[in-house]
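Data first, discussion second: the structure below is written as structure tokens.
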There are 2 protein chains.
Amino acid sequence: MNDIDLIVRPQTAPRKRDADATRAAILDAAKAQFALLGYDCAVLRDIAGDAGVDVALVKRYFGGKEALFLEALKASFGTDGTKEWDRANFGHDTATMLAGSPHRNPDRTQRFQFLLRAATSPTTAPLLSQLVQERFLAPIRHWLGGTAADARARVFAAVYIGCLVERLVRGDALGGAERQAYIARVAGIFAALVADPPEAKETTA
Amino acid sequence: MNDIDLIVRPQTAPRKRDADATRAAILDAAKAQFALLGYDCAVLRDIAGDAGVDVALVKRYFGGKEALFLEALKASFGTDGTKEWDRANFGHDTATMLAGSPHRNPDRTQRFQFLLRAATSPTTAPLLSQLVQERFLAPIRHWLGGTAADARARVFAAVYIGCLVERLVRGDALGGAERQAYIARVAGIFAALVADPPEAKETTA
DNA sequence: CCAAAAAGTCAATGAGCGTTGACATAGCCG
DNA sequence: CGGCTATGTCAACGCTCATTGACTTTTTGG
């Protein structure tokens with residue numbers, strides 16, 4: 001059956017021994033798998049397999065699954081991109097990304113999928129509260145600025161994540177006209193959140 | 001240790017034999033557990049335990065875990081509540097619910113948590129696309145009416161789910177002022193989606 | 001060139017869980 | 001009362017997976 005593997009694998013040079021590189025490879029594979037499958041469904045053997053090493057190294061380098069998860073989570077949020085977000089086109093850009101292909105910004109997509117999966121797994125959700133505060137909400141809150149920044153940041157995060165989930169469920173790509181309407185709506189929401197004082201504020205009492 | 005159980009349990013009458021009631025009890029327990037933990041983390045033995053029966057009955061009545069899940073999912077979306085939603089106060093009511101305690105409308109909360117967990121589990125997500133279309137998006141789309149109803153329904157669902165996730169992660173309750181701002185923002189978004197033609201539509205080109 | 005340590009692999013263990021068939025008991029019908 | 005069937009329980013099997021310790025191979029330093 002998988003004789004193919006047994007034959008093909010050795011072709012690739014048998015991998016220079018390099019602790020740092022191996023550690024990094026495991027961490028990368030872990031980030032991808034955890035983002036794709038979540039903590040519970042991700043399998044250490046597969047992560048190690050993707051990294052091209054044996055499972056036992058996960059223990060040696062990270063200590064265990066949970067520790068690996070935490071490190072991957074922190075690494076995923078280490079480089080936070082709010083700094084380079086473009087204030088003017090932000091709403092439209094983000095909405096477009098959320099409406100369509102994740103290929104435009106795979107890094108950002110993977111980070112947020114990681115967050116989403118971590119948030120919705122009952123195993124890992126408890127670990128998130130603090131980290132989300134520090135590395136996710138705080139930067140957004142700071143980037144947004146203005147009045148009621150915390151509430152706006154939370155709504156922002158909610159809409160963002162929600163769109164992600166919606167796209168996750170939606171199998172087919174969004175059609176032309178509907179897609180435009182979708183983007184317009186979401187862009188409008190983001191724009192309103194970025195522009196601090198809602199001019200046409202009409203909250204039902 | 002759990003002698004307590006052994007002593008206390010028998011106090012409750014030893015359960016009249018009633019296939020329908022038992023089936024219903026299992027289904028109820030399943031709905032709760034699946035909503036709380038998702039498909040992957042929910043454990044049949046616990047579900048059966050909550051229902052007060054043995055695991056084997058799950059097989060007899062439903063065939064297996066996946067079949068039970070599907071039935072629970074359909075049952076959860078069987079009674080769809082869009083009919084009774086109040087159009088005028090909908091935005092504010094829903095935002096208030098999402099901002100705070102789930103105790104106000106536990107049924108609805110459980111239904112949506114079920115949906116959320118099902119959508120974010122890689123195991124069950126593929127099963128959802130069609131069901132979500134039929135029983136979730138379609139009713140909302142119909143309830144919303146007007147132009148670009150599909151896109152608006154999707155955005156609506158996204159925001160709703162997103163707020164749910166946000167609340168899931170947020171440990172502490174939302175403070176007074178922030179809470180008001182949060183509710184106002186979310187209510188505004190919903191209201192704009194309900195009111196079909198966005199009067200002050202200012203999408204960045 | 002050679003040992004010692006670092007880097008990597010292998011196989012076994014044990015826990016958790018879905019599944020399954022044999023067994024027990026209550027309710028019903030003759 | 002006596003057997004039959006629906007209902008419910010029990011114990012065991014098999015699988016997946018994280019963990020772990022013993023083993024092998026590469027690299028390094030003298």
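Note that this is a predicted model, so its numbers are computed, not measured. Below, read A as the first sequence line, B as the second, and so on, with proteins coming before strands; counting in each chain starts at 1.
- Within the structure, a side-chain polar atom (N or O) of B/T22 is placed less than 4.0 Å from OP1 or OP2 of D/dG8.
- Across the protein-nucleic acid pair, A/L57 atom CG and D/dT24 atom C1' stand 13 Å apart, rounded to whole Å.
- Distance CG (B/D18) to P (D/dG8): 7 Å, rounded to an integer number of Å.
- B/D86 pairs by the side chain to side chain contact (heavy atoms under 4.5 Å, CB included) definition with B/A88, B/N89, not counting sequence neighbours.
- Residues satisfying the side chain to side chain donor-acceptor pair (under 3.5 Å) criterion with A/E134, sequence neighbours excluded, are A/Q130.
- When the side chain to side chain donor-acceptor pair (under 3.5 Å) test is applied to B/E71, the partners found at least two apart in sequence or on another chain are B/R23.
- Regarding A/I47, its CD1 atom lies at a distance of 12 Å from the P atom of D/dC17, rounded to whole Å.
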Sort me out a list of protein N/O and nucleotides 22-26 of chain C N/O pairs below 3.5 Å, or just none if empty.
from	atom 1	to	atom 2	distance (Å)
C/dT25	O2	B/R17	NH1	2.8
C/dT25	O2	B/R17	NH2	3.3

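- Nucleic acid contact class of B/K59 (heavy atoms, under 4.0 Å, all strands): base.
- Contacts classified as ring pair (Phe, Tyr, Trp, His ring centres under 6.0 Å) and involving residues 147-173 of chain A (residues at least two apart or in different chains) are given here: A/F90-A/F156, A/F112-A/Y160, A/F156-A/F190.
- Nearest approach of B/A118 to B/F69, heavy atoms of both residues: CB-CZ, 3.8 Å.
- Among residue pairs with one or both ends in residues 55-64 of chain A, none qualify as side chain to side chain donor-acceptor pair (under 3.5 Å); sequence neighbours excluded.
- Sorted by first then second residue, the side chain to side chain donor-acceptor pair (under 3.5 Å) pairs that include residues 29-55 of chain A, not counting sequence neighbours, are A/Q33-A/D50, A/D40-A/S121, A/D40-A/T123.
- Distance CG (A/D54) to P (D/dC17): 15 Å, rounded to an integer number of Å.
- No contact: B/V58 has no heavy atom under 4.0 Å from any strand.
- Without hydrogens or angle criteria, B/R152 side chain to B/L193 main chain gives a donor-acceptor distance under 3.5 Å.
- Regarding A/K16, its NZ atom lies at a distance of 9 Å from the C1' atom of D/dT26, rounded to whole Å.
- If you find the closest nucleotide of DNA chain D to B/D20 and to A/G63, the one lying nearer the 5' end belongs to B/D20.
- Scored by the side chain to side chain donor-acceptor pair (under 3.5 Å) test, B/R154 finds A/E166, B/D150 as partners (sequence neighbours excluded).
- In the set C/dT19, D/dA18, D/dT9, the nucleotide with an atom closest to the side chain of B/K65 is C/dT19.
- Of the residues in residues 36-46 of chain B, B/A42, B/V43, B/L44, B/R45 come within less than 4.0 Å of DNA chain C through at least one heavy atom, sorted by number.
- Closest to the side chain of B/Y61, out of C/dT9, D/dT7, D/dT27, is D/dT7.
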